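All remarks here apply to the structure that follows.
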Amino acid sequence: MNPFKLPLLLLLITSISLVQAQSTVRQKISINSGWKFHQGELTQPFAESVDWQHIALPHSWNAQDATDEEPGYYRGEAWYTKELSISPNWKGKKLYLFFEGANQEAEVFVNGQKAGSHIGGYTRFAIPMTNLIDFEKSTATIAVKLNNRHNEEIPPLEADFTFFGGIYRDVYVVALEPVHTDLEKYASSGVQITTPQVSTEQAEVEVMTHLVNEQKQASKVEVQQLILDADKKVIAKVFNKLTLKPGLAADLSQNIKEIKNPHLWSIEDPYLYTVVTKIIDSKSKQVLDEVENSLGFRWFKFDGNEGFSLNGKHVKLIGTNRHQDYLSLGNALPDALHINDIKLLKAMGGNFLRIAHYPQDPTILEMCDKLGIITSVEIPIVNRVTESEVFLSNCKQMMTEMIRQNFNHPSVVIWAYMNEVLLRPRYGNDSDERKAYYKEITRQAQELENLIRKEDPTRYTMIPNHGWFEGYRDTQLTQIPMIVGWNLYPGWYGADIHGLEKFLERHHQELSDKPLIITEYGAGADPRLHSFDPKRFDFTVEYETYYHKHYVEQIKKYPFVAGANVWNLNDFYSSGRRDAVPQVNNKGLVTQDRRPKDAFYYYQAALWKEPFVGLGSKIWQYRAGVEDAENTGVSSQEFEVYSNLDKVNLFLNGQDLGEKQVNKNVASWKVPFKNGINWLEAIGKRDGKKVKDFMQVNFQIQPYDLKSKKWPFEEIRISLGDHRYFVDDLTHEVWMPDQMYKAGQWGEKGDFQSKKENPSDILGTNIDPIYQTQQYDIKEYQLDVPAGKYEVTFYFAELLSNKELEKLVYNLGNDTKQEKASKRVFDVYINGNLIIDDLNLAEQYGERVAVEIKTEVFVEDEKGLQLTFDASAGQAVLNGLKVRKEY
Ligand code: GCB
Ligand code: CA
């Protein structure tokens with residue numbers, strides 16, 4: 001080959017691609033890479049001396065500090081900057097910086113000059129920058145001053161989730177011809193599509209285009225609307241000619257009347273058309289701007305008695321809420337993780353998503369459109385409002401942005417606002433200020449309601465309330481919106497799980513015409529905690545499943561319940577929480593890194609139409625248990641399988657454990673696990689089609705008699721004062737529940753006096769649940785282990801009494817500390833030998849600090865390990881114990 005030909009060929013290719021690039025009408029390119037970040041205030045942001053950190057977007061400055069053991073997280077000013085390369089193509093165009101979301105007050109600078117600003121952390125915004133760019137230069141300096149401080153004028157004011165600061169979604173440059181659709185005002189596509197009439201025979205489309213002419217002279221244009229089917233073939237077309245005066249913004253409405261036999265959009269068949277909007281220069285025929293929007297033909301209705309129907313067919317809406325954060329990332333997620341979440345919801349069998357408590361990444365609604373998931377979207381007013389016009393006007397701005405930006409998504413059927421706004425009312429009970437405050441809430445609600453109805457008369461409105469029926473009724477919050485949402489937690493925050501049915505029936509009696517959605521219900525579950533005797537607030541995976549079984553049954557039972565959203569799809573960060581996993585709300589059906597808990601599989605069984613079989617407890621892969629009886633070598637445990645078939649078979653290590661009837665989507669067995677690796681397989685059949693699921697269980701058997709020769713004792717970990725199993729997700733160590741002493745085994749020899757403290761964050765550990773429970777006033781603990789050399793580890797923490805907890809909240813006087821410091825002093829002996837002398841947890845370590853102390857002991861004879869506790873002040877306590885045989 002002629003060596004000189006090659007460069008020529010390359011040159012040719014480059015120039016061809018250049019030509020193609022020039023023909024692009026609307027250019028939108030991401031600029032996520034190559035940013036620098038500074039946390040803190042900057043008086044001279046453009047000075048050389050500023051110390052910047054290299055980062056890439058999406059980014060949050062709270063990914064670490066909102067999840068560590070220090071209370072609180074940085075809420076204040078921070079800066080981002082970037083050198084933006086100026087494309088020669090951009091000359092003569094209108095340039096914008098397009099932010100998908102930055103939390104929460106943003107000021108944008110270009111080449112040192114202010115270009116614009118935005119308020120609110122969850123909606124998109126476009127900042128024009130054309131006039132600040134020097135097109136003779138190759139770069140421009142972009143800087144963003146961002147603040148996530150508490151601001152009484154900006155919702156959310158307070159809520160049960162972390163307000164991560166940062167430019168946490170994508171940023172783009174958008175380059176437009178001077179004549180274009182309006183991007184600037186509410187960062188929408190500038191095109192709003194409605195379907196004034198849809199039936200199976202015929203549909204009508206109306207397209208409203210917001211046009212802008214930024215030229216100095218009038219522009220004669222033709223505006224074209226093309227409707228394409230899913231194969232992207234044009235099926236309908238309309239165009240209008242008009243003259244746009246200079247500097248003018250104009251709205252053009254165009255109708256396409258007769259689309260015959262439209263392919264409807266539905267949950268099972270989410271068929272999407274595309275609307276292509278083109279602005280064409282009448283003379284040169286040059287396309288000046290082009291935007292595409294998806295379009296779905298559907299109609300829907302909410303009814304106070306019959307619930308929801310889509311395209312004339314009744315559908316029970318069941319799905320989840322979703323928060324936008326992820327393990328270790330805060331809210332700064334790559335698009336792929338947002339996309340995965342909607343696929344996860346679909347895989348669960350869900351057909352409904354409440355996008356709470358704020359508008360989310362654009363990929364969310366894109367996916368809901370594509371996968372057939374009905375949605376509700378809301379602005380982030382949570383728990384309370386501020387009585388000010390500025391607050392209300394910020395709410396209205398967010399509302400308008402939310403509606404305009406998401407208007408064309410067929411999946412959206414509800415716009416919502418004001419979540420549980422009576423939960424944390426200002427002022428004292430019964431005060432005049434309180435009464436005025438309630439009136440103001442009603443006024444703001446009515447204003448927001450009016451705004452939605454004006455902006456979008458094609459959809460429903462909703463206010464999600466907490467379970468205070470009279471409160472919301474008396475402030476009109478059940479009357480103002482078209483749908484009432486109730487966040488209901490009987491069986492979790494409320495003691496009686498049947499409070500659910502009572503509440504639902506009350507709504508139907510008193511507000512019988514008002515469509516109802518259970519906008520939230522859920523129970524917390526730390527994926528590491530398990531029990532065969534689950535209890536409310538114990539954060540076991542099994543309690544969560546129990547709770548959801550009850551709710552699903554009721555939701556299906558009442559036809560007037562239009563829909564329900566589990567709180568929440570995923571575990572999420574909430575910096576104020578002190579549950580089993582501090583800083584985290586564990587009500588997810590999946591963990592923070594999206595591993596399904598049992599309830600997720602239960603939903604699959606309850607919601608799938610296709611045959612389904614799923615082993616429960618997949619998240620409980622590492623187990624432990626006591627041998628059933630001496631020398632049997634097996635430990636039997638209850639095991640659930642979730643299915644929508646009539647019968648299912650379960651196999652353990654290839655052995656058939658028998659066929660069981662499936663009752664309300666659940667079948668259960670006593671499974672005799674052996675020590676080590678076990679294989680479980682569930683098999684079911686429908687219409688000759690087999691469905692299966694299998695998993696591995698790693699089981700550690702505690703010999704029935706710890707001195708057994710056949711099953712030699714290795715090690716044991718016990719969470720004292722606890723009825724739960726705990727699996728350490730780092731080491732896979734399994735902790736056993738505590739028990740009273742049984743001969744040949746282990747346990748507490750005195751009174752079983754246990755204590756559990758939630759909420760608390762135990763410092764210096766990740767295994768908080770072990771420390772959150774304890775035996776108090778412990779005197780003697782016995783383990784009948786065989787002779788040998790042992791490592792014994794004690795786990796202690798000073799927990800607060802409930803009284804002291806209250807004191808801490810209400811009385812921050814410095815006398816409290818003093819009082820507690822000398823609360824208990826005790827010695828610990830093993831087999832009569834002093835091991836720990838004068839332990840004073842509060843004084844030596846402080847309250848709620850994880851204290852781990854280990855020692856080695858040689859047991860010569862048959863007496864095993866006898867742990868004794870001798871208190872010289874207060875009572876002795878022990879939270880956890882680990883005994884490992886060395887040899
Ligand atoms: C609610 C709130 C939600 C909380 C949830 C909970 O009612 O709307 O923001 O996270 O309860 O888990 O307590
Ligand atoms: Ca414990």
Side-chain angles (χ1 to χ4, degrees), residues 156-163 320-323 325 354 356-358 378 380-384 416-424 463-468 472 485-490 492-494 518-525 528-529 537-539 544 547 565-580 583-588 717-726 728 735-739 748 752-760 762 765 767-776 778 781 793-797 799 850-852 877-882:
L157 299 171
E158 61 149 71
D160 180 18
F161 62 94
T162 302
F163 303 151
T320 68
N321 289 267
R322 185 225 181 215
H323 263 302
D325 57 298
R354 172 174 171 233
H357 292 308
Y358 41 77
E378 67 197 49
I381 307 175
V382 184
N383 293 1
R384 52 163 56 180
Y417 57 99
M418 285 194 174
N419 178 77
E420 303 193 345
V421 83
L422 301 183
L423 189 69
R424 305 236 188 278
I463 298 183
N465 309 319
H466 79 277
W468 182 30
Y472 290 92
W486 291 112
N487 300 341
L488 300 177
Y489 290 92
W492 185 251
Y493 296 122
I518 304 174
T519 32
E520 287 179 25
Y521 64 103
R528 304 170 299 176
L529 285 169
F537 249 90
D538 68 2
F539 292 95
E544 183 186 43
Y547 174 99
N565 306 87
V566 175
W567 188 263
N568 192 281
L569 174 66
N570 50 294
D571 287 350
F572 59 92
Y573 286 116
S574 176
S575 80
R577 282 211 170 247
R578 299 287 178 270
D579 297 338
Q583 338 257 29
V584 172
N585 185 319
N586 274 124
K587 295 192 190 70
R717 304 156 210 96
I718 306 153
S719 177
L720 271 83
D722 205 344
H723 69 286
R724 307 166 301 179
Y725 294 82
F726 175 84
D728 186 326
W735 294 73
M736 305 273 291
D738 199 6
Q739 61 180 28
E748 165 76 36
F752 195 89
Q753 294 195 63
S754 68
K755 186 180 162 195
K756 174 164 174 281
E757 188 189 301
N758 289 115
S760 69
I762 308 291
T765 185
I767 57 171
D768 296 66
I770 300 302
Y771 291 98
Q772 286 168 340
T773 63
Q774 65 183 192
Q775 278 291 344
Y776 68 87
I778 184 169
Y781 208 88
T793 314
F794 297 92
Y795 299 77
F796 302 100
L799 303 179
V851 179
E852 187 188 313
V877 295
L878 182 63
N879 301 51
L881 180 67
K882 178 153 108 184

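Basis for what follows: all heavy atoms, side chains included, without hydrogens, waters or symmetry-related copies. On a predicted model such as this, the values are computed, not experimentally measured, just so you know. Atoms within each ligand, like the ligands themselves, are counted from 1 in listed order.
Using 4.0 Å as the threshold, Phe161 has no heavy atom nearer than that to any atom of ligand 1. Contact between His323 and ligand 1 is absent, with no heavy atom of the residue lying under 4.0 Å from the ligand. Put simply, part of Lys587 is less than 4.0 Å from ligand 1, judged by heavy atoms.
Among protein heavy atoms, the minimum distance from atom 13 (O) of ligand 1 is reached at Tyr493 OH, 2.4 Å.
Residue Gln775 is tested with Val877, Asp738, Asp722 for a side chain to side chain contact (heavy atoms under 4.5 Å, CB included); the sole match is Asp738.
When heavy-atom distances to ligand 1 are checked against a 4.0 Å cut-off, Leu423 has no atom that comes that close, whether in backbone or side chain. Counting heavy atoms closer than 4.0 Å to ligand 1, residue Glu520 contributes side-chain atoms (C-beta onward) but none from N, CA, C or O.
Ring to ring, His723 and Trp735 are not that close: their centroids are 6.0 angstrom or more apart. Checked against a 6.0 Å centroid threshold, the rings of His466 and Tyr493 do not count as neighbours.
The aromatic rings of Phe537 and Trp492 lie parallel to each other, with less than 30° between the two planes, well short of the 60° mark.
If you look at the Ca ion (ligand 2), the protein N, O or S atoms less than 3.0 Å from it are Ser719 OG, Leu720 O, Ile770 O, Thr773 O, Thr773 OG1, Asn879 O.
Arg354 and Asn419 form a side-chain donor-acceptor contact under 3.5 Å, judged by distance and modelled atom types alone.
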